[in-house]
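What follows is a short report on a single structure.
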Amino acid sequence: MILPRDFYTREDVVGIARELLGKKLCTTIGGETAYALISETEAYEGVTDKASHAYGGRRTARTEIMYRQGGTAYVYLCYGIHSLFNIVTNQSGIPHAVLIRGIIPEDNNLALEKRSGMQISEKAGTGPGNVSRLLRIHYRHTGLDLCIPEYQREDGDVIWLEDAGIVIPDKDIIVTTRVGIDYAGEDALLPYRFIWKRR
DNA sequence: CGAATGATATACT
DNA sequence: GTATATCATTCGA
């Protein structure tokens, strides 16, 4: 039930961001496995998107990851404190990505939630910084391949996504503008943010 | 509301 | 090589 490569390599980042809602995000970090359902995403449309790190085709040591093929993890540090987890999409050479902004922890993961120092509540997975904190994702995990959930690193850490078989009707999804990107000018107005509104 | 916080990009010497 | 402005944020008043 692991999401196949061709789920990520399609051209429509915004569509992928929409479909990512309700999928299961799993990590095994430091020998401990955690997972949660994705409840909020944002699409970043690479070269044509001022909010993207790769706007205008910029290539640096950090953004190089975004030019890889879809299904690659792009994790980077923001505001000196938070690791933000993104999923690279499209073919290699096209720097599209989807930012995971929110997750819903499942009941059998409450222990892990507790261990990561979070309050146990529905809101525990809200906010991109908290997503990484809950699942113990660190910016050193950038570049991991999400389609090959086998050991790719010496420390044995892995990240992958599974299809949980959840279908979310359009009426349960809120589409809105992205946040925290005022500097992106008119691109800040694009409806690239998807929120799974639970009951 | 405002401070904390550090890697990164960019512009210098 | 070093300096400094910047940031896809969070938490606690």
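Residue numbers begin at 1 in each chain, while the letters A, B, ... track the order of the sequences.
Scanning for salt bridge (Lys or Arg N to Asp or Glu O under 4.0 Å) contacts around A:Lys24 gives A:Glu162, with sequence neighbours left out. A:Arg68 is linked by a side chain to side chain donor-acceptor pair (under 3.5 Å) to nothing, counting only residues two or more places apart in sequence or in another chain. Residues that satisfy the salt bridge (Lys or Arg N to Asp or Glu O under 4.0 Å) test with A:Asp182, not counting sequence neighbours, are absent from this structure. In this view, A:Thr9 satisfies the side chain to side chain donor-acceptor pair (under 3.5 Å) rule with no residue, not counting sequence neighbours. With sequence neighbours left out, A:Asp6 forms a side chain to side chain donor-acceptor pair (under 3.5 Å) with no residue at all. Judged as a side chain to side chain donor-acceptor pair (under 3.5 Å), and not counting sequence neighbours, A:Asp187 has no contacts.
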query: Tell me, for nucleotides 8-13 of chain B in 5' to 3' order, what letter each nucleotide earns: B for a base near a protein heavy atom under 4.0 Å, S for only sugar-phosphate near one, - for neither?
result: SSS---
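Distance NZ (A:Lys50) to C1' (C:dC7): 18 Å, rounded to an integer number of Å. If you take CD1 of A:Ile81 and C1' of B:dA4, they are 5 Å apart, rounded to a whole angstrom. A:Tyr79 has its OH atom 17 Å from the P atom of C:dA5, to the nearest Å. Rounded to whole angstrom, the span from the CG atom of A:Asn130 across to the P atom of C:dT10 amounts to 6 Å. Across the protein-nucleic acid pair, A:His82 atom NE2 and C:dT10 atom P stand 6 Å apart, rounded to whole Å. Between A:Glu64 atom CD and B:dA7 atom C1' the separation is 18 Å, expressed in whole Å. The separation between A:His53 atom NE2 and C:dT9 atom C1' is 12 Å, rounded to whole Å.
Every pair tested for ring pair (Phe, Tyr, Trp, His ring centres under 6.0 Å) that includes a residue from residues 77-99 of chain A fails, sequence neighbours excluded, so the list is empty. Residues in residues 45-62 of chain A take part in these side chain to side chain donor-acceptor pair (under 3.5 Å) pairs, two or more places apart or across chains: A:Glu45-A:Tyr192, A:Asp49-A:Arg178, A:Lys50-A:Glu186, A:His53-A:Tyr74, A:Arg59-A:Glu64, A:Thr60-A:Thr63.
The phosphate of C:dT9 has OP1 or OP2 within less than 4.0 Å of a side-chain N or O from A:Arg101.
Summarising the geometry of A:Leu84 relative to A:Pro128, their closest heavy-atom pair is CG-CB, 3.9 Å, with the distance given to 0.1 Å.
A:Ile2 shares a hydrophobic cluster with A:Tyr151, A:Val158, A:Trp160; the chain of contacts runs through ILVMFWY side chains whose heavy atoms sit under 4.5 Å apart.
For DNA chain B, the stems formed by at least three consecutive Watson-Crick or G-U pairs, with both atom-pair distances below 3.5 Å, span B:1-4 with C:9-12, B:6-12 with C:1-7.
Near DNA chain B, meaning a heavy atom under 4.0 Å from it, residues 83-98 of chain A has no residue at all.
A salt bridge links A:Asp155 and A:Arg153; the closest N-O separation between the charged side-chain nitrogens and carboxylate oxygens is under 4.0 Å.
Base engagement by A:Leu99 is indicated by at least one non-hydrogen atom pair under 4.0 Å involving a base atom.
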